[in-house]
Number of protein chains: 2
Amino acid sequence: MEDEVDRLVAAWRRERPDLDVEPLEVLSRVSRLARHLDRARRLAFSEHGLEPWEFDVLTALRRAGTPYQLSPGQLLTQTLVTSGTMTNRIDRLAKKGLVERLPDPSDRRGVLVRLTDEGRDRADQALAGLLDQERAILAELSRTQRGELAGLLRQLTAPFDNIPG
Amino acid sequence: MEDEVDRLVAAWRRERPDLDVEPLEVLSRVSRLARHLDRARRLAFSEHGLEPWEFDVLTALRRAGTPYQLSPGQLLTQTLVTSGTMTNRIDRLAKKGLVERLPDPSDRRGVLVRLTDEGRDRADQALAGLLDQERAILAELSRTQRGELAGLLRQLTAPFDNIPG
DNA sequence: ATCGGCTTTCTTGACATCGAGATACCGGTC
DNA sequence: GACCGGTATCTCGATGTCAAGAAAGCCGAT
């Protein structure tokens with residue numbers, strides 16, 4: 001089955017036969033797939049009354065385990081947004097009662113963001129919904145193929161995640 | 001080498017051992033890698049005085065071949081943005097003199113967006129720079145692995161690209 | 001001919017993001 | 001015990017995106 005990137009690559013080979021556009025076969029697919037996933041997620045979450053960005057923050061806290069709290073800085077590295085954005089997100093989530101801000105007892109510059117009970121429930125519900133949707137998307141591949149794909153992607157993401165990026 | 005998604009999945013298995021979080025091994029990596037790529041591209045393009053969104057539109061027109069023109073609707077399907085966004089992008093590119101708007105001779109509702117000579121040059125320069133950067137990122141993988149990865153990703157993107165999404 | 005449904009593009013208002021700078025605080029050094 | 005580079009968070013203005021709907025024109029069926 002052909003996809004939009006096949007057409008894109010064919011077009012470049014026709015227009016710029018002097019260039020090696022092989023990298024696009026991988027990385028353009030990554031970008032486009034991510035964009036499709038964003039849209040699909042937005043739909044899935046709207047059934048639970050959450051925006052994708054809300055999900056990202058709430059689940060980061062949920063994963064941290066009891067007492068479900070992290071510093072804004074830790075949330076930054078997990079969600080790949082800037083500090084200004086995170087401040088704004090925490091404000092809005094706090095206003096909705098899904099998280100609360102606490103002073104960090106060991107560092108007076110610092111803040112801890114804690115999930116409320118309602119925030120935790122919402123995160124759990126939305127996660128279950130998301131996993132169902134993602135399983136459906138991945139049904140295109142066999143279990144073995146999914147493992148291979150995960151491994152190959154890990155090789156590309158690891159440098160970004162481990163070197164200060 | 002471990003990446004952030006390995007840590008994320010391990011955390012979920014600890015916090016929610018009742019859930020099957022295997023889908024995240026693939027799709028969270030896709031989303032996170034796309035985010036890293038966005039940042040890297042922004043840097044690469046800034047050397048050519050272009051924003052990523054400008055690159056997306058200009059190269060779509062460049063790929064179309066002489067006379068380098070497409071309708072806004074065709075640009076939508078290639079760039080995965082909404083129509084309001086595309087109108088805005090065309091406005092700004094036209095103001096910078098990189099594209100121009102022409103009436104579609106065969107459909108009076110329609111418009112054709114055409115690349116100017118300067119727009120074409122800028123697109124060509126930025127593309128070369130992008131490919132260099134992407135080649136460096138993909139050096140983590142062998143030629144064979146890149147082919148496998150492209151093939152697996154195609155299986156996931158094809159349904160989105162071919163069914164009305 | 002004309003009606004109604006469908007496309008295509010643009011308009012509008014709300015909103016989330018970024019980047020740079022400001023502020024407060026930490027920890028080690030002299 | 002005062003300094004100083006580094007760190008953590010927040011503030012602010014500019015900007016890009018989205019969703020929904022408006023306006024204009026196309027086309028097939030009656």
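Lettering of chains follows the sequences in order, A, B, ..., and the numbering in each one begins at 1.
A single hydrophobic cluster is seen to contain both A:Phe45 and B:Trp12, as judged by linkage of ILVMFWY side chains at heavy-atom distances under 4.5 Å, directly or through other members. In the hydrophobic clustering of ILVMFWY residues, with side-chain heavy atoms under 4.5 Å counting as a link, A:Leu93 and A:Leu127 come out together.
The nearest pair of heavy atoms linking A:Arg32 to B:Thr79 is NH1-N, 4.5 Å. The two residues A:Glu25 and B:Ala150 have their closest heavy-atom pair at O-CB, 3.8 Å.
Nucleotide D:dA23 holds its P atom 19 Å from the CZ atom of B:Arg108, rounded to whole Å. Spacing between atom CG of B:Leu75 and atom P of C:dC10 amounts to 11 Å, rounded to whole angstrom units. Rounded to an integer number of Å, the gap from B:Leu80 CG to D:dA19 C1' is 17 Å. The interatomic distance linking A:Asn88 (CG) with D:dA14 (P) rounds to 17 Å, in whole Å. Across the protein-nucleic acid pair, A:Asp38 atom CG and C:dT17 atom P stand 11 Å apart, rounded to whole Å.
Both B:Arg92 and A:Leu76 lie near DNA chain D, and the one whose nearest nucleotide falls closer to the 5' end is A:Leu76. Each of A:Arg35 and A:Met86 was matched to the nucleotide of DNA chain D holding its nearest heavy atom; the match closer to the 5' end belongs to A:Met86.
Proximity of A:Arg89 to the phosphate of C:dT17: a side-chain N or O atom is located under 4.0 Å from OP1 or OP2. Distances shown here put every side-chain N or O of B:Thr85 at or beyond 4.0 Å from the OP1 or OP2 atom of D:dT17. Put simply, B:Thr82 has no side-chain N or O that comes within less than 4.0 Å of OP1 or OP2 on D:dT17. Distances shorter than 4.0 Å separate some side-chain N or O of A:Arg101 from OP1 or OP2 on D:dC10.
Against DNA chain D, the stretch residues 42-63 of chain B makes heavy-atom approaches under 4.0 Å through B:Trp53.
Of all nucleotides listed (D:dT9, D:dG25, C:dC10), D:dT9 comes nearest to the side chain of A:Thr87. Minimum atom distance to the side chain of B:Asp107 is reached by D:dC26, of the listed C:dC18, D:dC10, D:dC26.
Considering only heavy atoms from C-beta on, B:Pro105 comes within 4.5 Å of B:Leu112 through its side chain. The closest side-chain heavy-atom distance from A:Asp3 to B:Leu153 is not below 4.5 Å.
Counting distance only, with no hydrogens placed and no angle test, the side-chain atoms of A:Arg109 and the base atoms of D:dT7 include a donor-acceptor pair under 3.5 Å.
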Next item on the list: Before giving the answer on salt bridge (Lys or Arg N to Asp or Glu O under 4.0 Å), spell out for A:Arg16 and B:Asp124 the whole-Å C-alpha distance, their side-chain angles and the decisive distance to 0.1 Å.
Entry: CA-CA 9 Å; A:Arg16 296 295 307 275; B:Asp124 280 342; 3.0 Å; yes
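Counting non-hydrogen atoms under 4.0 angstrom, A:Asp104 reaches nothing in the nucleic acid. B:Gly73 comes within 4.0 angstrom of the backbone, heavy atoms only, and of no base.
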